[in-house]
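What follows is a set of notes on a single structure, which appears directly below.
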Amino acid sequence: MIRLTMVELRRIAARKVLWIALLASLAIAIVTVVGVFLTAQQIDSARAGFNQQYNQMVEQLPADIEQCERDQEAERRATGDPTIDYGCNQIRVPTIDEMYGAMPSLADQYQMLLGGLAYPFMFLALAMGSTMVAAEFAHRTMGSWLTFEPRRTLVYLSKVLAPAIASLPVALLGLVTVFVGIPAVFRWFRIDDSVTGNEWADLAWIALRICLLTVLTGAFGAGLAFILRHSGLVIGLMVGYLVLIEGILGSIFNWLGKLALSRNIHAVINDGTQWSVWPSNCGWDGNECREIIYRISLTHGVVVLGVLLVIVAVLGWVRFVRSDVD
């Protein structure tokens, strides 16, 4: 099987889909770094007095206070009530942090970004894994492959393992770009980029789990392609699931949240997750209404995703072994 897997990896390396996925991963990471750069630039410009919008607000403040006092005095004369108070003495320009926010610490910035980056990396792995297998059926090369290696189980394992392994560089390239680019942005704008040893350890575990999820998603996409035999159907099935199950039914039946892929993925990435909902009849009976908090542990997420992967892998293997291949 090792020989077959190595052959598959060489074939994957010769295909455009792998390089497109790598370029897409790099582009996603660069866009992320650029977004952090633009945010830091806006805050830095405002603090340095170069933000025109903020400067105009500061210059306009005395005129706004004066106008408020005139309107207040006019209302007092019109109503004969000298106690009317428009709160003119409370008018002020918001601080830079209030208006534009403050840059989080480097560790917090990493954690916020990594949780979101996992999903596009996994989508690329899903698309790559399903495309590589579905192309074999579309171009009728799977049957030719079986003439050289008639043992279908070994062929199946090699064609599931190879896309999984090939998905690893997709995640690594994006993660390395982010881990290098974000500190560069912080240093460019003289923002404290210190990270403690414990924080680095937590970030390393997050990055490792993202890599593992990306690898398993590549295998998941390949397994689905063995079942559906078309990459478009695989992508369409996942999009339909997200819209129908997680988007519509998930908002109606709260208990589905613990089985939702997105929440379990989030739990695996962040070592657990939680969310809260409010009862639909909140406040109608006059009683105190309390939010309901749901929690998913890392173990729960691993079990749910692992069971799903095993089911898809087994179904793909059964169809490949028992069905005719052109």
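Predicted model, so just to flag it, every value in this text is computed and none were measured. No hydrogens, no waters, no symmetry mates; every other heavy atom, side chains included, goes into these values.
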Is there a donor-acceptor contact under 3.5 Å from the side chain of [X] to the main chain of [Y]?
{"X": "Asn270", "Y": "Gly272", "value": "no"}
{"X": "Ser158", "Y": "Val155", "value": "yes"}
{"X": "Trp19", "Y": "Ala13", "value": "yes"}
{"X": "Glu199", "Y": "Thr196", "value": "yes"}
{"X": "Arg229", "Y": "Ala134", "value": "no"}
{"X": "Thr217", "Y": "Met122", "value": "no"}
{"X": "Tyr156", "Y": "Ala313", "value": "yes"}
{"X": "Arg263", "Y": "Lys258", "value": "no"}

For the pair Glu69 and Arg76, find out whether any cationic side-chain nitrogen is under 4.0 Å from an anionic carboxylate oxygen.
no
Looking at side-chain heavy atoms only, is the closest gap between [X] and [Y] below 4.5 Å?
{"X": "Val268", "Y": "Leu212", "value": "no"}
{"X": "Leu216", "Y": "Leu305", "value": "no"}
{"X": "Ile296", "Y": "Gln274", "value": "no"}
{"X": "Phe186", "Y": "Gln109", "value": "yes"}
{"X": "Trp317", "Y": "Val321", "value": "yes"}
{"X": "Leu242", "Y": "Leu261", "value": "no"}
{"X": "Val160", "Y": "Phe226", "value": "yes"}
{"X": "Phe220", "Y": "Met238", "value": "yes"}

Please work out which of the three classes, parallel, tilted or perpendicular, describes the rings of Tyr110 and Trp200, given edges at 30° and 60°.
tilted
Quick one: do Asp192 and Ser194 satisfy side-chain hydrogen bond (donor to acceptor under 3.5 Å, both in side chains)? Show the steps, please.
CA-CA 6 Å; Asp192 181 20; Ser194 59; 3.1 Å; yes
Return the minimal non-hydrogen interatomic distance between [X] and [Y], and the atom names on each side.
{"X": "Val178", "Y": "Pro183", "answer": "O-CD, 4.0 Å"}
{"X": "Ala21", "Y": "Met128", "answer": "CB-SD, 4.1 Å"}
{"X": "Ser130", "Y": "Ala127", "answer": "OG-O, 3.1 Å"}
{"X": "Val215", "Y": "Ser167", "answer": "CA-CB, 4.3 Å"}
{"X": "Ile28", "Y": "Pro120", "answer": "CD1-CB, 3.6 Å"}
{"X": "Cys68", "Y": "Tyr86", "answer": "SG-CB, 3.7 Å"}

If you round to the nearest 0.5 Å, how far is [atom2] of [Y] from [atom1] of [X]?
{"X": "Ile206", "Y": "Cys211", "atom1": "CD1", "atom2": "SG", "answer": "12.0 Å"}
{"X": "Thr273", "Y": "Leu298", "atom1": "OG1", "atom2": "CG", "answer": "11.5 Å"}
{"X": "Ile84", "Y": "Asp81", "atom1": "CD1", "atom2": "CG", "answer": "4.5 Å"}
{"X": "Ser25", "Y": "Ile20", "atom1": "OG", "atom2": "CD1", "answer": "13.5 Å"}
{"X": "Arg11", "Y": "Met6", "atom1": "CZ", "atom2": "CE", "answer": "14.5 Å"}
{"X": "Leu208", "Y": "Leu175", "atom1": "CG", "atom2": "CG", "answer": "10.5 Å"}

So Leu114 and Phe179, side-chain contact (heavy atoms from CB on, under 4.5 Å) or not? Walk me through it.
CA-CA 10 Å; Leu114 292 179; Phe179 272 103; 3.9 Å; yes
If hydrophobic clusters are built by linking Ile, Leu, Val, Met, Phe, Trp and Tyr wherever their side-chain heavy atoms come under 4.5 Å apart, do [X] and [Y] end up in the same one?
{"X": "Met112", "Y": "Ile269", "result": "no"}
{"X": "Leu308", "Y": "Val234", "result": "yes"}
{"X": "Val239", "Y": "Phe121", "result": "yes"}
{"X": "Phe123", "Y": "Leu244", "result": "yes"}
{"X": "Val170", "Y": "Leu172", "result": "no"}

Arg187 atom CZ, over 12 foreign heavy atoms within 6.0 Å
no
Distance-only donor-acceptor check, side chains Asp108 and Ser105, under 3.5 Å:
yes
